[in-house]
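Remember, predicted model here, so these are calculated numbers, not experimental data.
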Amino acid sequence: MQLGGLPIELDVTVGSWIADAVGRAHWSTVGSLVPADFPAFARVLHPAYRYDGDDDVEIGWGDVAALNGTTAHPRMQWPAVTGGWEYLTEDSQPPTWDGTPAEGHLPCTLAARMAAVLARHTTTPDRCWLGRWVGFGYDTAELREVPRLPLPRARDVVLVQGSADDAVRNLAPEPSEQSANLWWPADRAWVVATDIDLMSTYVAGSEACIADLLATPGLEVVPASPDDRVGHADDPVNPAPDRG
C-alpha cells in the first residue's frame with residue numbers, strides 16, 4: 001500500500017523516539033512538535049500570497065507586519081501581526097496580500113528549498129520517513145486502519161518511506177493538497193514538523209543545520225527555542241486582536 005506514491009511503513013516504532021520526546025514537553029510549545037534535545041531550532045514561516053495574474057507571489061510576514069504597523073519578531077503570530085482573527089481564513093489586505101499562509105501544510109516550494117538544505121546535514125538523505133496526519137476527511141477506510149505513529153494531542157501520523165526530496169510530494173488524493181506533517185532521516189540528524197493547526201513549520205537540528213536554514217534565500221526563517229509557545233494567540237509582543 002502506498003501514500004503519495006511512497007510505500008507505507010508498517011513498523012511505526014521507527015518514530016517512537018520522537019513520540020516519546022514530544023510527549024514529555026509542555027503542550028503548545030516547540031518542544032511538543034519536535035524533540036527538545038537538539039542543539040538548535042528554527043521556525044519557517046509560511047508565506048502569504050499576492051495574486052498576480054496566473055502567478056502567486058510570496059509575501060513575507062515581515063512585509064505584512066510593516067503594512068499593519070505591527071512588530072516582526074521570531075514569535076509573532078498571524079492574528080496579532082495582521083490585527084484580526086478573520087485573517088486566519090478568508091479575508092485579505094490588498095494590494096499587499098490576497099491569500100493567507102497555508103495552515104497545517106508546508107507549500108511544496110518551501111519544502112523543496114528546505115530539503116535541499118537539510119539533505120546536506122544528514123548522512124542518510126535517501127532514507128527518511130515522512131508522516132501525514134489522518135483525519136482530513138478524504139482518507140479511505142483502508143488507510144485509516146494502517147498502523148500510525150502515536151503523537152500527543154491526537155496528531156497520530158501514517159508513515160511512508162522516502163528521501164528528503166520526497167518532502168515536496170502531495171500526500172493527499174487529488175485535488176486536495178497536503179504535505180508531510182512530520183519528517184526526519186534515518187540517522188536522526190534533524191526533525192521537521194508542520195502541525196495541522198499552525199502556519200509555520202518547525203525544525204530541530206544541529207547548530208550548523210539551523211544556521212544554514214537561516215541563511216537560505218527564499219525562506220523566511222527565524223530562530224526558535226523548545227519553550228516558545230506556538231499558538232495563534234501566543235504573540236508576546238503585538239497585542240492580541242479582539243475576537244469580536
Side-chain angles (χ1 to χ4, degrees), residues 1-9 12 14-15 18-19 22 30 32-34 41-49 56 58-61 78 88-89 99-119 121-122 125-140 143-144 146 148-149 151 153-185 190-205 209 213 216 218-221 224 230 232:
M1 188 174 179
Q2 294 188 335
L3 184 65
L6 297 172
I8 286 179
E9 174 63 74
V12 296
V14 295
I18 297 176
V22 299
V30 172
S32 69
L33 304 176
V34 294
F41 303 83
R43 178 190 184 194
V44 181
L45 300 161
H46 302 174
Y49 295 93
D56 292 347
E58 295 178 0
I59 305 297
W61 288 41
W78 192 251
L88 283 176
T89 52
T100 60
E103 186 175 60
H105 166 71
L106 178 64
C108 61
T109 51
L110 271 65
R113 296 165 198 161
M114 290 174 61
V117 174
L118 295 172
H121 294 275
T122 172
D126 295 324
R127 187 169 178 238
C128 297
W129 285 276
L130 301 91
R132 201 213 76 194
W133 185 64
V134 177
F136 290 107
Y138 43 62
D139 294 314
T140 64
L143 184 63
R144 290 194 292 269
V146 169
R148 300 180 219 175
L149 175 65
L151 295 172
R153 297 181 296 127
R155 265 39 177 189
D156 302 1
V157 294
V158 169
L159 298 178
V160 294
Q161 306 168 34
S163 68
D165 290 341
D166 286 319
V168 303
R169 288 187 182 244
N170 179 20
L171 299 184
E174 300 289 350
S176 299
E177 187 176 23
Q178 180 58 48
S179 69
N181 297 108
L182 182 71
W183 40 298
W184 73 95
W190 40 259
V191 178
V192 181
T194 305
D195 186 82
I196 58 174
D197 288 332
L198 301 183
M199 292 174 160
S200 302
T201 290
Y202 289 88
V203 185
C209 175
L213 274 177
T216 300
L219 292 175
E220 189 176 21
V221 190
V230 299
H232 290 313

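Of all heavy-atom pairs between Ala224 and Val30, the closest is CB-CG2, 4.5 Å. Taking both residues in full, the closest heavy atoms of Ser200 and Leu45 are given as OG-CD2, 3.5 Å, listed atom of the first, atom of the second, then distance. Between Ala19 and Leu149, the shortest heavy-atom distance links the atoms CB-CD1, 4.2 Å. For Trp184 against Gly15, the heavy-atom pair with the smallest separation is CZ2-CA, 3.6 Å. Ala164 and Cys128 make their closest contact through N-SG, 3.5 Å (heavy atoms, listed as atom of the first residue, atom of the second, distance).
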Yes or no on side-chain contact (heavy atoms from CB on, under 4.5 Å) for Glu9 and Val160, after CA distance, side-chain angles and deciding distance? CA-CA 5 Å; Glu9 174 63 74; Val160 294; over 6 Å; no
Could you walk me through whether Gln161 and Trp129 pass the side chain to side chain donor-acceptor pair (under 3.5 Å) test, one step at a time? CA-CA 5 Å; Gln161 306 168 34; Trp129 285 276; 5.5 Å; no
Thr100/Thr89 under side-chain contact (heavy atoms from CB on, under 4.5 Å): CA gap, chis, key distance, verdict: CA-CA 7 Å; Thr100 60; Thr89 52; over 6 Å; no
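Here the straight-line distance linking atom CD1 of Ile59 with atom CD of Glu220 works out to 10.5 Å at 0.5 Å rounding. Here the CG atom belonging to Leu88 is positioned 5.0 Å from the NE2 atom belonging to His232, to the nearest 0.5 angstrom. Atom-to-atom distance recorded for Leu159:CG and Leu182:CG is 7.5 Å, nearest 0.5 angstrom. With rounding to the nearest 0.5 angstrom, the CG atom of Leu143 is 12.5 Å from the CD atom of Gln2. How far CG of Leu171 is from CG of Leu6: 7.0 Å, rounded to the nearest 0.5 Å. Atoms OG and OH, from Ser32 and Tyr202 in turn, are 9.5 Å apart once rounded to the nearest 0.5 Å.
Thr216 has its side chain out of reach of Val221: every pair of non-hydrogen atoms, C-beta onward, lies at least 4.5 Å apart. Looking only at side-chain heavy atoms (C-beta outward), Val22 and Leu151 come within less than 4.5 Å of each other. Within the 4.5 Å cutoff, the side chain of Thr201 has heavy atoms near those of the Val192 side chain. Between Phe41 and Val34 the shortest side-chain heavy-atom distance falls below 4.5 Å. Using a 4.5 Å heavy-atom threshold, the side chains of Tyr49 and Pro107 count as touching. Within the 4.5 Å cutoff, no side-chain heavy atoms of Leu198 are placed close to those of Glu103.
Listed by chain and number, the residues in a side chain to side chain contact (heavy atoms under 4.5 Å, CB included) with Pro101 are His46, Ala48, Trp61, Trp78, Met199 (sequence neighbours excluded). In terms of the salt bridge (charged side-chain N to carboxylate O under 4.0 Å, His left out) criterion, residue partners of Arg169 (sequence neighbours excluded) are, by chain and number, Asp166. Asp195 is linked by a salt bridge (charged side-chain N to carboxylate O under 4.0 Å, His left out) to Arg153, Arg155, counting only residues two or more places apart in sequence or in another chain. With sequence neighbours excluded, the residues satisfying side chain to side chain contact (heavy atoms under 4.5 Å, CB included) with Arg144 are Val134, Asp139, Ala141, Arg148. Partners of Phe136 by ring-ring contact (aromatic ring centres under 6.0 Å, His included), not counting sequence neighbours, listed by chain and number: Trp133, Tyr138.
Not one N or O on the side chain of Thr194 forms a donor-acceptor pair closer than 3.5 Å with the backbone of Asn181. Remark: the backbone N or O of Ser176 is paired with a side-chain donor or acceptor of Asn170 at under 3.5 angstrom.
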Which atom pairs, one a donor and one an acceptor, fall under 3.5 Å between side chains of residues 110-118 and the rest of the protein, sequence neighbours left out?
from: Arg113; atom 1: NH1; to: Glu58; atom 2: OE1; distance (Å): 3.1
from: Arg113; atom 1: NH1; to: Glu58; atom 2: OE2; distance (Å): 3.4
from: Arg113; atom 1: NH1; to: Gly218; atom 2: O; distance (Å): 2.7
from: Arg113; atom 1: NH2; to: Glu58; atom 2: OE2; distance (Å): 3.3

